[in-house]
Amino acid sequence: MTFTPTEEQAAIGSAYLRGERLVVKALAGSGKTSTLRYLAELTPRTGAVYIAYNKAIQTDAARSFPGNVLCRTAHALAFAEVGYRLADKLRRPRQRARDVARILGIDCRVITVNALGHAAAVDVPQLARLVLDTVARFCHSADYSLTLRHVPTVTGLGEEGQEDVAAQVVEWAREAWADLCAPHGVLRLDHDHYLKMWQLARPVLATDVIYLDEAQDANPVIADVVGRQEHAQLILVGDQHQQLYGWRGARDAMSAFDGTRLSLTKSFRFGPAIAAQANEWLAALGSDLRVVGHDPIASTVGPVPLERADAVLCRTNAGAIGQAIAAEDRGLRAAITGGAGDLAALARAAAELQDSGKTWHPEFAAFTSWSEVIEYATSEAASENLATLVNLIVTYGPDEILRIVDALAAREDDADIVISTGHKAKGREWPVVLIGPDFKPQPRRDPLSGKLVTPEMTDEARMLAYVAVTRARHHLDPAGLDWARGSLGVLA
């Protein structure tokens, strides 16, 4: 074996050989995958399962891990046990919201009030989408029964309106789940559906060792399955400071797991200058860990023009569109990581609402005019992404945003610059990274005073900032985070 472990990796290897269950806190760029591969090579006759965060990571791991390790996503494990029996339901054509409503017998809208106290109606197609979203939230949880807590909040509805809608949606959602579980059910099956069925069956993985990568963002379903494998040696690896998906149900499996806690702090991605930036955010998060930069990499920090950046990282999807507009103004063709289809749909919905006073899109469906959306967007209840998007539509108009989306490069390789949200940049890296200006939260209107105030920075926002600054290898322009220094007291 040619791999020479660092002192931290060697300590992890020794604990592993003693048969201890491990929780490895691995900071940005510190070689999580190479460390797990090192452990697997220490015990070549021991059967192990490596549970990858996504298909791309699984494919890469399968190429490099030794033959005693089965590299799979959790969905692949679930399909082999449960999903294959329902494979025909996966291949069914996509069903429109009205098709789902017909199948479940949803035939009338719900009349209620929105957050502004005005009459609002939740139409049949939106009710059908809420039912599917409720099932999805149940499938992303570790819960064993579907309840009111799984019904998503409808943008624009107040507490009373939400209760009216949720009471009906949860009953339809239970009917939908029963249909999905039935071999001859009519609804189209999704991959998260059979993953949930697998978890509910309390599976036992026939292996001696389980490696769980990106454990800080583990789907609660996966965390529940792994945590129940009492017969196996469990190795959880991840960076708790990169927990970005709590908003969609992800849970930090590392904090609740009982095992020996060790760390990987030596980064092989960037040098000391970028490590210093990362450490400011680790300090702001109250972490006792600090990342150590790789001396041979001559990383630098400072202003860089947009033309020299390989990637611009934003806080919100709407901020990404704003940077695409800025890139076009400089004569650059941009690609947005993951595409901009959702943003285009929102722009079309805004135009529809402006023209007819109603729209199908769930973000705007509770409103009867565009002026109501603008009023709501400045309230405390509105999400930052919605507020930024509304401001963008007000500034440029839906048609201009749709034109920008159409002009984007379809592939990153065909673009002059890559634009991404911090969430979608996780696991990625680029030579030169610029932090976009939308990391500063949008002002919100205080419900008592009526004044616009800038929200305090949350730990979730600090984690996103930490992820963003650690995507750069050679040069980082952190200007989009400069506002967080000094007077706001976010950083020391």
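Predicted, not measured: the structure shown is a model, and the values here were computed from it. Counting begins at 1 with the first residue of the sequence.
Between Arg269 and Glu429 there is a salt bridge, with a side-chain nitrogen of the basic residue lying less than 4.0 Å from a carboxylate oxygen of the acidic one. In this structure, Asp123 pairs ionically with Arg109, as a charged nitrogen and a carboxylate oxygen lie closer than 4.0 Å. We find that Arg228 and Asp224 are joined by a salt bridge, their nearest charged nitrogen and carboxylate oxygen being less than 4.0 Å apart. Salt bridge annotation for Glu230-Arg21: absent, with no cationic side-chain nitrogen under 4.0 angstrom from a carboxylate oxygen. Comment: Arg403 does not engage Asp406 in a salt bridge, judged by the lack of any side-chain N to carboxylate O separation of less than 4.0 angstrom. The pair Asp107-Arg102 does not meet the salt-bridge criterion, since no charged nitrogen lies less than 4.0 angstrom from a carboxylate oxygen.
Geometrically, Lys426 engages Tyr53 in a cation-pi contact defined by less than 6.0 Å to the ring centre and at most 45° from the axis.
Centroid-to-centroid, the aromatic rings of Trp483 and Phe439 stay 6.0 Å apart or farther.
Although no hydrogens or angles enter the test, the distance criterion places a donor-acceptor pair under 3.5 Å between the side chain of Lys196 and the main chain of Ser141. At distances below 3.5 Å, not a single donor-acceptor pair connects side-chain atoms of Glu400 with backbone N or O atoms of Tyr396. Side-chain atoms of Gln58 come within 3.5 Å of backbone atoms of Cys71 as a donor-acceptor pair (strictly under, hydrogens ignored). When atom types are taken as modelled, the side chain of Arg92 and the backbone of Val186 share a donor-acceptor pair closer than 3.5 angstrom. Proximity of a side-chain donor or acceptor of Arg261 to a complementary backbone N or O of Met254 within less than 3.5 Å is detected. Using modelled atom types, one side-chain atom of Lys89 and one backbone atom of Leu180 make a donor-acceptor pair closer than 3.5 Å. Checked by atom type and distance alone, the side chain of Lys25 never pairs as donor or acceptor with a backbone atom of Leu289 at under 3.5 Å.
Note: Leu127 CG to Ile106 CD1 = 6.0 Å, rounded to the nearest 0.5 Å. Rounded to the nearest 0.5 Å, atoms CG (Leu146) and CD (Glu175) are 11.5 Å apart. Atom NE2 of His193 sits about 9.5 Å away from atom CZ of Arg188, to the nearest 0.5 Å. Put simply, OG1 on Thr421 and CD1 on Ile336 are 9.5 Å apart, with the number rounded to the nearest 0.5 Å.
Residues Leu86 and Met197 approach most closely at CD1-SD, 3.6 Å, considering heavy atoms. Taking both residues in full, the closest heavy atoms of Cys314 and Gln323 are given as SG-CG, 3.6 Å, listed atom of the first, atom of the second, then distance. Counting all heavy atoms, side chain and backbone alike, Ser287 lies closest to His241 at OG-NE2, 2.9 Å. A pairwise comparison of heavy atoms in Val165 and Leu130 identifies CG1-CD1, 3.8 Å as the closest pair. For Val467 against Gly422, the heavy-atom pair with the smallest separation is CG1-O, 3.9 Å. Listed here is the closest heavy atom pair of Leu205 and Gln229: N-OE1, 2.7 Å.
Note: Tyr194 and His75 have perpendicular aromatic rings, judged against thresholds of 30 and 60 degrees for the angle between ring planes. Under the 30°/60° scheme for interplanar angles, the aromatic rings of Tyr211 and Phe65 are found to be tilted. Classified by interplanar angle (parallel below 30°, tilted 30° to 60°, perpendicular above 60°), the ring pair Phe364/His361 is tilted.
The number of heavy atoms from other shown groups lying within 6.0 Å of CG (Asp414) is above 12.
Under the 4.5 Å side-chain criterion, counting only non-hydrogen atoms from C-beta, His140 is in contact with Asp192. Arg98 has its side chain within reach of Pro125: a pair of non-hydrogen atoms, C-beta onward, lies under 4.5 Å apart. At least one side-chain heavy atom of Arg63 sits under 4.5 Å from a side-chain heavy atom of Thr59. Counting heavy atoms from C-beta on, the side chains of Ile103 and Leu187 come closer than 4.5 Å.
Looking only at atom types and distance, the side chain of Glu214 has a donor-acceptor partner in the side chain of Gln216 under 3.5 Å away. If you check the side chains of His150 and Asp143, you find a donor sitting under 3.5 Å from an acceptor. Using modelled atom types and a 3.5 Å distance limit, the side chains of Thr337 and Glu412 yield a donor-acceptor pair.
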(request) Determine, step by step, whether Val131 and Leu104 satisfy the side chain to side chain contact (heavy atoms under 4.5 Å, CB included) criterion, reporting the C-alpha distance in whole Å, the side-chain angles of both residues, the deciding distance to 0.1 Å, and the verdict. (result) CA-CA 10 Å; Val131 168; Leu104 296 175; 3.8 Å; yes
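Among Gln354, Arg348, Glu352, the single residue meeting the side chain to side chain donor-acceptor pair (under 3.5 Å) criterion with Thr359 is Glu352. Residue Trp177 is tested with Tyr144, Trp172, Phe138 for a ring-ring contact (aromatic ring centres under 6.0 Å, His included); the sole match is Phe138. Residue Asp239 forms a side chain to side chain contact (heavy atoms under 4.5 Å, CB included) with just one option from Val24, Asp217, Leu27, and that option is Leu27.
Take Gln233 and apply the side-chain contact (heavy atoms from CB on, under 4.5 Å) test, not counting sequence neighbours, and it matches Tyr16, Val209, Ile235. By the ring-ring contact (aromatic ring centres under 6.0 Å, His included) test, Trp198 pairs with no residue at all, sequence neighbours left out. Thr35 meets the side-chain hydrogen bond (donor to acceptor under 3.5 Å, both in side chains) test with Gln9; sequence neighbours excluded.
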